[in-house]
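Report on the following structure.
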Amino acid sequence: MRWSQMYIPTLREDQSDAELVSHQLLLRGGYIRKLASGIYIYLPLMQRVIHKFSNIVREEMNYAGALEIGMSVLCPAELWQESGRYNTVGNEQMRMKDRHQHEMVLCGTHEETVTTLIRGEIKSYRQLPLNLYQIQVKFRDEIRPRFGLMRGREFLMKDAYSFDATEKSFMESYQKMVDAYFRIFKRAGLDVVKVESDSGAMGGKAAHEFMLLVDTNGGEEIIFFCDKCDYTANVEKAEFKIEDSSSDEELKVTEKVDTPGAATIEEVTAFLKVEAKQLAKTLLYMADNKPVVAMVRGDRELNLIKLQNATEAIEIEMATPEQVQNFTSSPVGFAGPVGLKDVGIYVDPLVADMKNMIVGANEFEKHILNVNIDRDFKATKVVDLTSAQNEDQCPRCNYGKLNSKKGIEVGNTFMLGTKYSEALDAKYLDAEGKEHPIIMGSYGIGITRTPQSALERYHDDKGIIWPKNIAPFLVHLIPLNVKKDSHIETADRIYKELNEVGIDVLYDDRNDRAGVKFNDADLIGLPVRITIGDKSLKEGKVELKARSESDFILVDIDNIVIAVKQLLGRVN
RNA sequence: CGGGGCGUAGCGCAGUUUGGUAGCGCACUUGGUUCGGGACUAAGGAGUCGCUGGUUCAAAUCCAGUCGCCCCGACCA
């Protein structure tokens with residue numbers, strides 16, 4: 001493709017509304033333009049990247065035995081009511097009425113649609129297993145869209161759904177997808193790690209996320225790794241071994257003390273001259289509009305997802321200061337479990353082990369010393385509520401230490417079990433003629449997010465460095481002066497030869513100065529650059545350079561195809 | 001949703017404090033020179049200053065409302 005016939009609106013200056021490098025590069029490189037918050041237009045270069053990545057995904061999904069279908073972005077609201085998710089997805093789902101006042105939703109995922117298809121089609125175990133997928137646009141009205149394609153309201157996703165008769169068969173189907181995912185990301189030039197994750201709103205029993213590790217601000221997720229075994233989990237899910245903190249300390253008599261001006265953990269520990277570990281934080285949340293109390297140790301942080309799972313709440317949020325005032329009869333900062341009535345008290349195991357703890361007194365500027373569980377208050381449930389921290393002990397091998405890194409979620413796999421097949425009545429008959437709900441899995445890959453994620457990892461101060469298999473073109477061909485016949489003749493010849501062997505070339509035939517072309521080439525980031533100029537042309541050679549490397553080599557014009565192939569074979 | 005910030009030419013910004021009828025750089029058009037890391041020169045086009053209303057002889061500027069966009073937070077107890 002000739003540059004003059006493409007549309008590549010590169011920009012010289014940084015754009016004011018882009019925070020992440022990857023977002024900035026996509027804007028400046030002429031890959032995307034914003035239409036509205038979280039909604040983007042993919043320009044020709046981006047569309048080529050999307051095609052390249054989609055094709056990798058498609059090939060590997062097909063290889064893994066999945067079948068491509070196409071489903072509508074629209075779905076009648078009834079199906080979401082039937083699955084029960086209509087009320088739980090909340091404002092994230094975009095909804096509308098058609099001209100007949102029929103309620104429709106824009107799908108952010110397609111479990112309802114695909115399960116509805118299956119329940120009408122699959123009747124026998126002989127028709128299973130089955131795996132259907134599509135690559136399609138999704139709509140999610142995110143709380144806060146941000147970072148360009150990283151968290152858009154409209155985005156492309158590959159979503160696959162597996163249907164199995166038995167647990168054993170399901171595990172095989174799941175593993176096939178996991179294997180396919182590793183192949184997909186590897187081909188795209190990306191090392192990903194598979195981590196345990198919370199299944200969240202999707203429901204089901206277990207889930208994994210595929211993370212690209214980055215050290216930039218683009219890494220929105222925190223992942224914990226054990227330094228001894230292969231345990232990896234994201235922060236929402238990560239468990240840790242509870243240190244043995246039970247003591248033989250004698251239970252002392254409770255004592256209410258004044259703590260003037262001391263509401264936060266820091267203030268209270270400073271005032272009472274104690275360690276944060278001796279305090280228990282009593283946090284008030286509204287779980288589906290009912291108050292619940294969570295207790296975690298003073299030196300630890302509450303994990304909201306764990307609390308949500310423990311309370312089985314659909315929506316959970318921190319109580320407002322007014323609600324705290326109403327419920328504990330004191331301002332924020334002095335809540336405690338003693339004397340609270342008609343409320344679920346969820347206690348972290350680390351708190352349950354504490355002796356003579358310090359808690360709020362539910363009175364302004366007062367705390368209580370020497371409080372003990374069972375004696376002074378009762379726990380509704382003792383359950384893990386705190387987030388893992390660096391240096392915590394691994395929950396699996398019990399002797400490694402956990403450490404965290406930042407990552408971007410580029411794919412996920414969910415073991416859905418029979419949640420959707422039961423709700424939507426998708427059943428099959430087994431060999432004995434008995435009816436069972438179909439066991440399902442669902443598997444997503446962010447088609448638009450993944451390439452941008454790759455840029456968080458692969459760039460330098462000049463621009464993008466695409467992994468070759470998802471680059472919009474493989475070769476950037478630059479005749480330095482298009483007014484010189486020798487340059488153009490050589491460029492035309494190389495362009496033709498490379499195209500003939502199926503190597504995508506972007507031919508910069510613009511009448512611009514060398515600096516402009518070099519800078520644009522560095523910015524848009526194609527893996528290989530061929531420069532045609534007087535210096536080397538005198539010897540019948542051209543310059544060949546990898547975007548990821550700083551030096552070029554001189555190549556005989558006659559050998560250019562083989563040299564390009566060799567260079568491409570070497571780079572990521 | 002809470003907090004902060006920003007809307008002036010395609011992009012990046014100044015001008016707003018102190019009201020006087022819009023400017024700079026890049027990009028764009030045309031001519032000439034230049035041509036291996038974002039050239040020089042001459043001429044030129046392009047903005048109802050987000051929108052609505054108000055104050056005023058006069059509003060980008062002051063006031064009120066509204067819409068949009070960005071960032072932080074939603075784990076303070």
Side-chain angles (χ1 to χ4, degrees), chain A residues 9-20 23-24 27-28 30 33-39 90-91 142-148 217 222 235-236 259 262-269 276 279-286 293-296 298 300-308 315-321 323-325 327-328 330-337 348 358-362 364-365 367 385-387 389 462-463 478-484 487 510-523 529 531-538 542-543 545 550 552:
Chain A
T10 57
L11 302 168
R12 293 196 178 189
E13 290 169 287
D14 275 354
Q15 299 302 289
S16 60
D17 55 2
E19 192 75 1
L20 289 191
H23 185 194
Q24 193 66 253
L27 287 167
R28 289 223 294 124
R33 288 293 182 262
K34 185 177 70 183
L35 182 66
S37 180
I39 301 177
N91 294 330
E142 293 285 345
I143 298 180
R144 181 145 91 92
R146 59 179 147 179
F147 302 151
N217 292 334
I222 307 281
V235 65
E236 294 176 348
T259 51
T264 66
I265 293 289
E266 293 73 37
E267 290 161 358
V268 175
T269 52
L279 270 70
K281 290 194 269 199
T282 306
L283 310 170
L284 187 65
Y285 278 82
M286 302 303 289
V293 162
M295 293 188 69
V296 301
R300 285 281 178 168
E301 304 238 307
L302 177 77
N303 182 323
L304 192 56
I305 301 286
K306 288 182 178 178
L307 178 63
Q308 182 169 20
E315 272 186 37
I316 193 155
E317 56 185 356
M318 211 189 332
T320 62
Q323 287 168 325
V324 172
Q325 175 76 47
F327 196 75
T328 67
S330 70
V332 168
F334 307 99
D348 187 79
I358 302 165
V359 299
N362 297 324
F364 181 55
E365 300 196 331
H367 280 75
L385 296 176
T386 55
S387 293
Q389 297 176 356
K462 299 286 240 174
I478 301 182
L480 285 176
N481 190 336
V482 296
K483 293 205 173 141
K484 289 189 176 169
H487 293 202
R510 292 177 298 173
N511 180 20
D512 263 303
R513 296 169 67 87
V516 173
K517 295 189 178 188
F518 286 143
N519 280 302
D520 272 345
D522 289 339
L523 178 59
R529 188 177 87 191
T531 308
I532 299 163
D534 288 334
K535 285 184 204 164
S536 57
L537 216 47
K538 282 186 291 196
V542 293
E543 293 165 22
K545 179 185 171 300
S550 52
F552 63 81

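Throughout, a chain's letter reflects where its sequence line sits, starting with A, and its residues are numbered from 1. On a predicted model such as this, the values are computed, not experimentally measured, just so you know.
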Would you say the side chain of A:Glu13 and the base of B:G25 hold a donor-acceptor pair, judged only by whether the two atoms sit under 3.5 Å apart?
yes
With the side chain defined as heavy atoms from C-beta on, A:Arg513 is closest, among B:C71, B:C35, B:G38, to B:C35
Determine the contact category for A:Arg28: base if any of its heavy atoms lies under 4.0 Å from a base atom, sugar-phosphate if only primed atoms, P, OP1 or OP2 are that close, otherwise nothing.
base
At under 4.0 Å between heavy atoms, what does A:Asp17 touch on the DNA or RNA strands: base, sugar-phosphate, or nothing?
sugar-phosphate
So what does A:Leu302 hit on the nucleic acid, given a heavy-atom distance under 4.0 Å: a base, only sugar-phosphate, or nothing?
base
Closest of B:U34, B:G36, B:C69 to the A:Ala36 side chain is B:C69
Can you tell me the distance, in whole Å, between the NZ atom of A:Lys34 and the C1' atom of B:C70?
7 Å
Taking the side chain of A:Tyr285 as heavy atoms from C-beta outward, which of B:G25, B:C75, B:C1 is closest to it?
B:C75
Along RNA chain B (nearest heavy atom to each residue), the more 5'-positioned of A:Ala319 and A:Asp14:
A:Asp14
Suppose you measure atom C1' in B:A60 against the same atom in B:G50; what distance do you get, rounded to whole Å?
12 Å
Look at the side chain of A:Val516 and decide which nucleotide, out of B:G38, B:A77, B:G37, has an atom nearest to it.
B:G38
Would you say the side-chain atoms of A:Lys484 pair up with the backbone N or O of A:Pro479, donor to acceptor, closer than 3.5 Å?
no
Which value, in whole Å, describes the distance between the C1' atoms of nucleotides B:A64 and B:U55?
11 Å
Reckon A:Ser16 has a side-chain N or O less than 4.0 Å from the OP1 or OP2 of B:G12?
yes
Phosphate OP1/OP2 of B:A27 contacted by A:Arg12 side-chain N/O (<4.0 Å):
yes
From the list B:G37, B:G38, B:G36, which nucleotide is the closest neighbour of the side chain of A:Thr531?
B:G36
Looking at the side chain of A:Phe147, which of B:G25, B:C71, B:C70 is the nearest nucleotide?
B:C71
Side chain proximity check, A:Arg513 to A:Asn519, heavy atoms < 4.5 angstrom:
no
A:Arg510 near the nucleic acid: base, sugar-phosphate alone, or nothing, with a heavy-atom cut-off under 4.0 Å?
nothing
Mind checking side chain to side chain donor-acceptor pair (under 3.5 Å) for A:Lys34 and listing every partner two or more places apart, or none if nothing turns up?
A:Asp17
Whole-Å gap separating P (B:G37) and CD1 (A:Ile532):
17 Å
How far does the P atom of B:C69 sit from the matching atom of B:G31, given to the nearest Å?
41 Å
Closest-nucleotide 5' rank along RNA chain B - winner of A:Leu283 and A:Gly515
A:Gly515
Quick one: does A:His487's side chain get under 4.5 Å of A:Asp534's, heavy atoms only?
yes
Could you check how far CD1 of A:Ile143 sits from P of B:C1, rounded to whole Å?
11 Å
Expressed as a whole number of angstroms, how long is the span from A:His487:NE2 to B:C35:P?
12 Å
Find the distance A:Ile316:CD1 to B:C75:C1' and express it as a whole number of Å.
12 Å
With a 4.5 Å heavy-atom cut-off, do A:Pro337 and A:Val293 have their side chains touching?
no
A:Val482 vs A:Lys517 side-chain heavy atoms within contact, under 4.5 Å:
yes
Nearest-neighbour nucleotide for the A:Ile265 side chain, B:A77, B:G37, B:G38 considered
B:A77
Starting at atom CG of A:Leu284, determine the distance to atom P of B:A77, rounded to an integer number of angstrom.
13 Å
Is A:Glu317 touching bases, backbone alone, or none of the nucleic acid, heavy atoms closer than 4.0 Å?
nothing
Expected output: side-chain A:Asp348 to main-chain A:Met295 donor-acceptor under 3.5 Å
no
Checking all strands, does A:Val296 fall into the base, sugar-phosphate, or nothing category for heavy-atom contacts under 4.0 angstrom?
nothing
Nearest heavy-atom pair of A:Leu523 and A:Leu11: which atoms, and what distance?
CD2-O, 4.1 Å
Which value, in whole Å, describes the distance between the P atoms of nucleotides B:G10 and B:C49?
13 Å
Measure the distance from CD on A:Glu19 to P on B:C70 and round it to the nearest whole Å.
11 Å
Just compare B:C70, B:G37, B:A77 and give me whichever is closest to any side-chain atom of A:Phe518.
B:G37
Under a 3.5 Å cut-off for both distances, is B:G37 Watson-Crick or wobble paired, and to whom?
none
Hey, are the side chains of A:Thr259 and A:Phe334 touching, using non-hydrogen atoms and a 4.5 Å cut-off?
yes
For B:G68, the Watson-Crick or wobble partner whose two distances fall under 3.5 Å
B:C6
If we call it a pair only when both distances are under 3.5 Å in a Watson-Crick or G-U wobble match, what pairs with B:C1?
B:G73
Nearest to the side chain of A:Glu301 - B:A77, B:G36, B:C75?
B:C75
Across every strand shown, the nucleotide meeting Watson-Crick or G-U wobble geometry with B:C28 (both distances under 3.5 Å) is B:G44
What's the gap between B:A9 and B:U48 when it is taken at their C1' atoms, as a whole Å value?
13 Å
What's A:Lys462 touching, base or sugar-phosphate or nothing? Going by heavy atoms closer than 4.0 Å.
base
Does B:C71 have OP1 or OP2 sitting under 4.0 Å from an N or O in the side chain of A:Arg144?
yes
As its Watson-Crick or G-U partner within any shown strand, both distances under 3.5 Å, B:A59 has none
From CE of A:Met295 across to C1' of B:C75 the rounded distance in Å is 16 Å
Please give the distance between the C1' atoms of B:U66 and B:G7 as a whole number of Å.
14 Å
Ignoring hydrogens and angles, does a donor from either the side chain of A:Asn481 or the base of B:G36 sit under 3.5 Å from an acceptor on the other?
no
Return no unless some side-chain N or O of A:Lys535 is found under 4.0 Å from OP1 or OP2 of B:G36.
no
Give A:Ser387 one of three labels, base, sugar-phosphate or nothing, depending on what nucleic acid heavy atoms sit under 4.0 Å from its own.
base
Say you pick atom P in B:A43 and the same atom in B:C24; how far apart are they, in whole Å?
13 Å
Crowding at CG, A:Asn217 (>12 non-hydrogen neighbours, <6.0 Å)
no
Report the base-pairing partner of B:U18 (Watson-Crick or G-U wobble, both distances below 3.5 angstrom), or none.
none
Compare the minimum distances between each of B:G36, B:C11, B:A39 and the side chain of A:Glu543, then state the nucleotide with the smallest one.
B:G36
Please state the P separation for the pair B:C62 and B:U8 - nearest whole angstrom.
16 Å
